[in-house]
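FYI, the numbering just counts along the sequence from 1.
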Amino acid sequence: MRNSTAPVADLIARSNRLGSDPRNTNYAGGNTSAKGVGIDPVTSEPVELLWVKGSGGDLGTLTPGGLAVLNLDRLRALVDRYPGVEHEDEMVAAFDYCLHGKGGASPSIDTAMHGLVEAAHVDHLHPDSGIALATAEAGAKLTAECFGERVVWLPWRRPGFQLGLDVAAIRQANPRAIGCILGGHGITAWGDSSDEAEARSLEIIRTAEQFIAEHGRAEPFGPVLDGYPALPENERHARAAALAPVIRGLASTDRPQVGHYIDADVVLDFLARAEHPRLAALGTSCPDHFLRTKIRPLVLDLPATVPVEEAVSRIKELHQSYREDYRAYYDRHATETSPPMRGADPAIVLVPGVGMFSFGSDKQTARVAGEFYVNAVNVMRGAEAISTYAPIDESEKFGVEYWSLEEAKLQRMPKPKALATRVALVTGAGSGIGRAIAHRLAAEGACVVVADLNADNAATVAAEIGTPDTAIAVTADVTDEEQIVAAFVSATLAFGGMDIVINNAGLSISKPLAETTVRDWDLQHDVMARGSFLVSREAARVMRAQGLGGDIVYISSKNSVFAGPNNVAYGAAKADQAHQVRLLAAELGEDGIRVNGVNPDGVVRGSGIFAGGWGAQRAAVYGVPEQELGAFYAKRTLLKREVLPEHVADAVFALTGGDLSLTTGLHIPVDAGVAAAFLR
């Protein structure tokens with residue numbers, strides 16, 4: 001055995017290489033391990049250790065902190081204490097008593113496989129090619145044809161301690177073997193060095209790929225169905241945007257979900273062909289797949305050419321049937337000790353000619369679920385090409401989906417943030433108040449669409465917030481109806497729909513009445529009055545299609561109720577916005593859509609409006625230096641404090657975060673106290 005430093009470094013490097021290629025394993029799927037020697041801190045004596053990827057980690061991004069470290073002697077001692085497959089959960093709990101030192105990740109259910117196999121390095125992976133063999137009806141025969149004695153077939157065994165014993169027995173009984181195909185599941189390979197284990201894993205994966213390519217039939221999914229080929233991209237995306245809010249609303253029947261849309265060629269081709277209904281109904285097989293995608297998807301059984309309204313009606317019917325079927329599936333297999341049913345809505349919805357919609361508790365989970373179903377399609381293609389796709393039995397799927405360890409993992413997850421699962425669009429979010437609102441909503445768990453006239457500013461703010469799983473940027477002139485529609489299309493394709501819309505885009509021109517031109521008047525009203533109307537109209541359309549309610553918030557102004565000098569165009573436009581709040585609150589309430597407003601004043605610092613000339617104009621009106629304008633505004637307030645963009649963002653969160661769920665038609669002043677602007 002080598003010292004403790006080298007095995008860990010080698011293990012991390014190998015894991016990252018294997019996990020970075022989707023042909024080798026899916027996101028967060030599979031695990032790798034290494035054995036070596038460490039020092040017992042109590043006895044100062046050498047001790048054999050196992051380092052193995054912990055529960056929930058991802059190989060491609062694995063770091064030493066994501067490894068579980070166990071004492072091998074103690075782990076091996078569990079063999080004599082193993083009471084049988086009925087007690088698998090107890091064995092996983094026993095891994096905690098084998099841990100070496102503090103910290104590290106929780107041991108996964110596959111730990112026994114890594115610890116009991118007599119090899120210094122072990123890889124367990126979920127490659128599409130390997131699972132294709134593993135789920136082929138003639139899998140055992142094909143494995144022998146593909147690999148000879150070099151790789152051994154192991155019939156399906158639910159992940160756990162017994163699987164570890166089985167793989168260890170294969171390794172011992174087949175000294176010439178480099179690994180095994182786990183029926184219905186994936187592959188395992190081993191080696192005396194990290195390089196050897198990696199090379200053997202890749203040999204199994206690439207050999208299986210080549211075998212399928214050379215021996216598989218050309219069109220395993222059958223002929224193309226009339227009316228089912230992919231629509232042209234523009235039509236496809238337009239239809240996807242029309243369907244996405246409806247589907248997201250249905251998928252959120254039991255609990256709110258975020259959506260993800262995929263129109264990859266592999267999905268579109270699958271849905272265009274004759275065998276897709278049969279294969280989709282069989283469901284996925286690899287435990288990692290169906291834990292993310294559920295036992296099977298919902299599949300629209302209509303061609304892509306039917307009217308959208310007909311597709312919507314049929315999807316609603318199929319959704320009801322799906323829920324009934326899922327309940328029946330749960331009732332068929334649940335026992336007195338089974339966890340409660342977690343929800344009967346689909347995680348994957350397939351629409352021929354359009355693509356796939358996947359759902360999860362956040363964008364990353366939804367995206368990964370879709371990626372896993374792409375893996376499943378690849379698996380089905382491979383299995384059908386060389387044999388017949390034959391996933392594991394339904395009862396076994398239920399056993400994995402509802403094993404108590406999975407339930408315990410779900411229970412350990414942190415409490416979701418206040419805006420988790422909610423999708424927000426903020427106009428004018430490239431600077432100032434809009435930027436602060438976008439950041440605050442994202443910090444509270446929302447997926448954010450950063451909309452701004454300035455594309456660079458929008459992109460900068462979205463990047464500040466995080467990855468595309470958290471925020472995307474769209475360029476939108478709120479006075480342009482087509483651009484507003486396009487912004488919502490981008491939002492629905494990215495996240496499935498819309499829950500929160502913030503009308504923040506604005507500009508200001510300060511002039512006396514005599515100097516105010518028609519262009520000044522029209523520009524102010526086009527951006528704020530017309531722009532807010534266009535945005536709210538599109539928001540209401542999407543929210544109504546979802547049926548989940550929603551929030552529309554107007555960032556109006558103190559000037560909507562306060563009559564100040566040299567401000568007729570701006571003040572009138574803000575008054576228009578303020579009354580839109582009341583009008584829409586009255587109209588949209590029956591749809592569960594709440595409409596409220598925030599009336600800021602004197603937000604100078606970080607403001608794009610003030611930096612664009614409004615600050616100089618107002619400073620001239622009040623006879624103070626522009627750099628002292630914020631302090632001037634603060635002095636005239638009751639609280640004598642300067643209002644910052646973050647204070648406006650706080651008010652937006654107060655309106656959308658859940659504590660004011662029965663409030664609509666309200667305007668909240670955020671002005672540090674201006675008596676003349678008190679609402680009456």
Engineer: Is the NZ atom of Lys640 crowded by more than 12 outside heavy atoms at less than 6.0 Å?
Structural biologist: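 Enclosed.
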Engineer: Is a salt bridge present between Asp671 and Lys558, judged by a nitrogen-to-oxygen distance below 4.0 Å?
Structural biologist: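 The answer is no: the pair does not qualify as a salt bridge.
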Engineer: Do Glu464 and Arg435 sit within salt-bridge range, that is, some charged N less than 4.0 Å from a carboxylate O?
Structural biologist: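 A salt bridge links Glu464 with Arg435.
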Engineer: Any heavy-atom pair between the side chains of Asp345 and Ser252 that's under 4.5 Å?
Structural biologist: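 With C-beta onward as the side chain, the pair stays apart.
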Engineer: So which heavy atom on Val461 is nearest to which on Ala438, and how close?
Structural biologist: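 So the two residues come closest at CG1-CB, 4.4 Å.
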Engineer: Once you round to the nearest 0.5 Å, how far does CG of Asp477 lie from CG of Asp452?
Structural biologist: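 So the gap between those two atoms works out to 10.5 Å.
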Engineer: Is a side-chain donor-acceptor pair under 3.5 Å present for Tyr27 with Glu371?
Structural biologist: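 Side chains of Glu371 and Tyr27: no pair found under 3.5 Å.
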Engineer: Can you confirm whether more than 12 heavy atoms, excluding those of Asp659, are under 6.0 Å from its CG atom?
Structural biologist: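 No - once you tally the heavy atoms of other residues, nucleotides and ligands closer than 6.0 Å, there are 12 at most.
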Engineer: Taking Thr470 for its side chain and Cys447 for its backbone only, find out whether a donor-acceptor pair lies under 3.5 Å.
Structural biologist: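 Between the backbone of Cys447 and the side chain of Thr470 there is no qualifying donor-acceptor contact (under 3.5 Å).
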Engineer: Asp362 vs Thr365, test: side chain to side chain donor-acceptor pair (under 3.5 Å). Steps then yes/no.
Structural biologist: CA-CA 5 Å; Asp362 54 37; Thr365 304; 2.6 Å; yes
Engineer: Classify the side-chain pair Ser536/Asn503 by whether it contains a donor and acceptor separated by less than 3.5 Å.
Structural biologist: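 On atom types as modelled, these side chains qualify, holding a pair under 3.5 Å.
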Engineer: Answer yes or no: does atom CD of Gln627 have more than 12 heavy-atom neighbours from other residues, nucleotides or ligands under 6.0 Å?
Structural biologist: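 Yes.
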Engineer: Any side-chain to backbone donor/acceptor pair from Lys574 onto Ile555? Under 3.5 Å, distance only.
Structural biologist: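 Yes, because the side chain of Lys574 sits within donor-acceptor range (under 3.5 Å) of the backbone of Ile555.
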Engineer: Minimum heavy-atom separation for Ala230 and Leu268, please, with both atom names.
Structural biologist: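 Distance-wise, the nearest heavy atoms are CB-CD1, 3.8 Å.
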Engineer: Considering only NZ, NE, NH1 and NH2 on the basic side and carboxylate oxygens on the acidic side, decide whether Arg327 and Glu324 come within less than 4.0 Å.
Structural biologist: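 The answer is no: the pair does not qualify as a salt bridge.
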Engineer: Could you check whether atom CD of Glu482 has more than 12 heavy atoms from other residues, nucleotides or ligands sitting under 6.0 Å from it?
Structural biologist: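 Check fails, neighbour count at 12 or below.
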Engineer: Any Lys/Arg nitrogen of Asp576 or Arg530 sitting under 4.0 Å from an Asp/Glu carboxylate oxygen of the other?
Structural biologist: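 Not counted as a salt bridge, because no side-chain N and carboxylate O are separated by less than 4.0 Å.
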Engineer: Taking atom NE2 of His319 and atom CG of Leu298, what is their separation to the nearest 0.5 Å?
Structural biologist: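 Answer rounded to 0.5 Å: 7.5 Å.
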Engineer: Can you give me the closest heavy-atom contact between Ile348 and Ser358, atom names plus distance?
Structural biologist: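 Result for this residue pair: CD1-CB, 3.6 Å.
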Engineer: Could you grab the distance from atom CG of Asp469 to atom OG1 of Thr467, nearest 0.5 Å is fine?
Structural biologist: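 Reported to 0.5 Å precision, the distance equals 4.0 Å.
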Engineer: Could you give the distance from CG (Leu655) to CG (Asn596), rounded to the nearest 0.5 Å?
Structural biologist: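 Nearest 0.5 Å value for the CG-CG distance: 5.0 Å.
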Engineer: What pair of heavy atoms forms the shortest contact from Phe632 to Val624, and how long is it?
Structural biologist: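 So the minimum-distance heavy-atom pair works out to CD1-CG1, 3.8 Å.
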Engineer: Let me confirm one number: the CH2-OG1 distance from Trp521 to Thr516, rounded to the nearest 0.5 Å.
Structural biologist: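 These two atoms lie 9.0 Å from each other.
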Engineer: Test Arg422 against Asp551 for salt bridge (Lys or Arg N to Asp or Glu O under 4.0 Å), laying out the working first.
Structural biologist: CA-CA 10 Å; Arg422 303 194 76 187; Asp551 283 284; 2.8 Å; yes
Engineer: Can we say Asp499 and Arg248 salt-bridge, meaning some charged N sits less than 4.0 Å from an Asp/Glu carboxylate O?
Structural biologist: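 Salt bridge: yes.
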Engineer: Any donor and acceptor pair, going by atom type alone, linking the side chain of His525 with main-chain N or O of Asp522 inside 3.5 Å?
Structural biologist: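 Not at all, since once roles are kept as given, no pair shorter than 3.5 Å links the two residues.
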Engineer: When you measure from the side chain of Thr253 to the backbone N and O of Leu250, does any donor-acceptor pair fall under 3.5 Å?
Structural biologist: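 At least one qualifying donor-acceptor pair exists.
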Engineer: Under the 3.5 angstrom rule, does the side chain of Thr427 hit a backbone N or O of Ala505 as a donor-acceptor pair?
Structural biologist: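 Judged by distance alone, yes, a pair lies under 3.5 Å.
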Engineer: Arg537 vs Glu481, test: salt bridge (Lys or Arg N to Asp or Glu O under 4.0 Å). Steps then yes/no.
Structural biologist: CA-CA 10 Å; Arg537 187 179 66 178; Glu481 186 173 4; 2.5 Å; yes
Engineer: Keeping the roles fixed (side chain from Thr479, backbone from Gly531), state whether a donor-acceptor pair exists under 3.5 Å.
Structural biologist: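 No: the side chain of Thr479 does not pair with the backbone of Gly531.
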Engineer: Side-chain donor-acceptor pair under 3.5 Å between Asn457 and Thr460, yes or no?
Structural biologist: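 No donor-acceptor contact under 3.5 Å links the two side chains.
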Engineer: List the atom of Leu638, the atom of Phe678, and the distance in Å for their closest heavy-atom pair.
Structural biologist: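 Closest pair (atom of Leu638, atom of Phe678, distance): CD1-CZ, 3.7 Å.
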Engineer: I'd like to check Asn599 versus Val670 (side-chain heavy atoms, cut-off strictly below 4.5 Å). Are they in contact?
Structural biologist: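 Not in contact.
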Engineer: Roughly how far, to the nearest 0.5 Å, is OH of Tyr373 from CD1 of Ile262?
Structural biologist: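 One gets 12.0 Å once the value is rounded to the nearest 0.5 Å.
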Engineer: If every non-hydrogen atom of Ile472 is compared with every non-hydrogen atom of Ala494, which pair is closest and at what distance?
Structural biologist: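 Residues Ile472 and Ala494, closest heavy atoms: CD1-CB, 3.6 Å.
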Engineer: On the six-membered ring of Tyr622, is Arg636 placed so that its NZ or CZ lies under 6.0 angstrom from the centre and within 45° of the ring axis?
Structural biologist: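 Yes, a cation-pi geometry.
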Engineer: Would you call Glu309 and Arg314 a salt bridge, taking side-chain N to carboxylate O under 4.0 Å as the test?
Structural biologist: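 No.
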Engineer: So that I can tick it off, tell me whether Arg440 and Glu444 are bridged by a salt bridge, with the cut-off set at under 4.0 angstrom between side-chain N and carboxylate O.
Structural biologist: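 A salt bridge links Glu444 with Arg440.
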Engineer: Set out, in order, the CA-CA distance, both residues' side-chain angles and the distance that settles side chain to side chain donor-acceptor pair (under 3.5 Å) for Ser532 and Gln577, then state yes or no.
Structural biologist: CA-CA 7 Å; Ser532 295; Gln577 282 188 310; 2.7 Å; yes
